[in-house]
Amino acid sequence: MASQQEGPVTTSIRSTLTELLKPEALEIINDSAKHAHHSAMRGVDSKETHFRVNVVSEAFAGKSTMQRHRLIYGALSKDFEAGLHALSLNTKTPAEVAKASEA
Amino acid sequence: MAAISNYTVIGTDDDFSAVYQPTTSTVYALNFWAAWAPPCVQMNDVFEELASKNSNIKFIKIEAEKFPDISEEYEIAAVPSFVFVKEGKVVDRVEGANPPELSKTVAKYSKSPASSATNGTTAASTPSVAAAPTMSAEEMNARLKELTSSSSVMVFIKGTPTAPRCQFSRQLLEILTAQNIRFSSFNILADDEVRQAMKTFSDWPTFPQVYVKGEFVGGLDVVKELVATGEFQALVPAEKDLKTRMDELIHKAPVMIFIKGSPETPRCGFSK
């Protein structure tokens, strides 16, 4: 589907979250290039440091936003240790998405 | 004067990137100075002297105003300032012309890495502890408990409210200001021990981190959503403006007296 090759971190995030959340929708956007010049990134070669993840999953039902994020961060802890630096998250249940599109 | 291999005077920004390698475990001592500040002259000599005696540390002399980007990155507010960096993180700072303090700090990092086996076998390389932790896990836990409840709204950010060092921290500050919420902040870039300990304490790997009344609320995304739904404002009432506060106060009881101190401990003869 994607014509570009996904990097290893992207692939790791995708497979971890797919298994964990069985999502209806999962979008992973690599924003690393926007942050490459930041001082914290000096000396870092990885092109997979900052991501935005939009995910829709029934697994989030009944969980607060913070709990949803913690769930994801927990599952990705190895990736964080390995160089993942920042993750912007948008976590919705299918019901929430439906409700939003009705409005 | 003999050239010292671990001592560099920065002439261009490239010089800095050439000598500074954050991925190694080398400790760097950065000297930010200015020609117009007399205390710097003395400290420059001290700095150079320390370089000749501590070969495992790389000493870098930077004329602060000529390199504003580097100065800003290390948050140099005054000269002379000495910043110690290891593995990309600031591990220590010495502000001002304080030769004994500088020597002491240099001595802290001046250990010959003799005991660490560096014969190239990778496998599981245990990361070395940057510096001996200054407090035990229990003490740190107690400290963090105190820190996270030190203010009704406490935010752990990269940088300071007037000079945030990351766009996520900056966005958080903007949101809090826009909602007129009073908060206190802690700069995790200034204290690496707290930075690392907070990740475990909050069970959250990134910053900014927000605590309300001592309880962890979440990061930027969470706060954005809570503000959008109004939940955040319910958690923390906005700072009322002075007139509103005054109105409320003077109407609080049939008779209101404004005194210095409290009824139990009046602080002035007239109030008493």
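Just so it is clear: chains get the letters A, B, ... in the order the sequence lines come, proteins before strands, and each one is counted from 1. Computed from heavy atoms alone, side chains included, the values below leave out hydrogens, waters and symmetry copies.
Contacts of B/V223 with chain A are absent, with no heavy-atom separation under 4.5 Å from either backbone or side chain. Neither the backbone nor the side chain of B/Q21 comes within contact range of chain A, judged by heavy atoms closer than 4.5 Å. Of the atoms belonging to A/L87, it is backbone heavy atoms, and not side-chain ones, that fall under 4.5 Å from chain B. In this structure, no portion of B/K89 lies under 4.5 Å from any heavy atom of chain A.
With chain A as the partner, the residue from B/P22, B/S17, B/P205 showing the most heavy-atom pairs under 4.5 Å is B/P205. Options B/F207, B/W204, B/F168, B/Y20 differ in how many heavy-atom pairs under 4.5 Å they form with chain A, and the most are formed by B/W204.
Residues A/R68 and A/E96 are paired through a salt bridge, judged by an N-O separation under 4.0 Å between the basic side chain and the carboxylate. Looking at B/E72 and B/R165, a side-chain N of the basic residue comes within less than 4.0 Å of a carboxylate O on the acidic one, giving a salt bridge. Using a cut-off of 4.0 Å between Lys/Arg side-chain N and Asp/Glu carboxylate O, B/R195 and B/E193 are scored as not salt-bridged.
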Chi angles and distances behind the salt bridge (charged side-chain N to carboxylate O under 4.0 Å, His left out) call for A/R14, A/E27: CA-CA 9 Å; A/R14 190 179 294 284; A/E27 206 189 342; over 6 Å; no
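Side-chain atoms of B/E63 and B/I10, non-hydrogen and from C-beta on, never get closer than 4.5 Å to each other.
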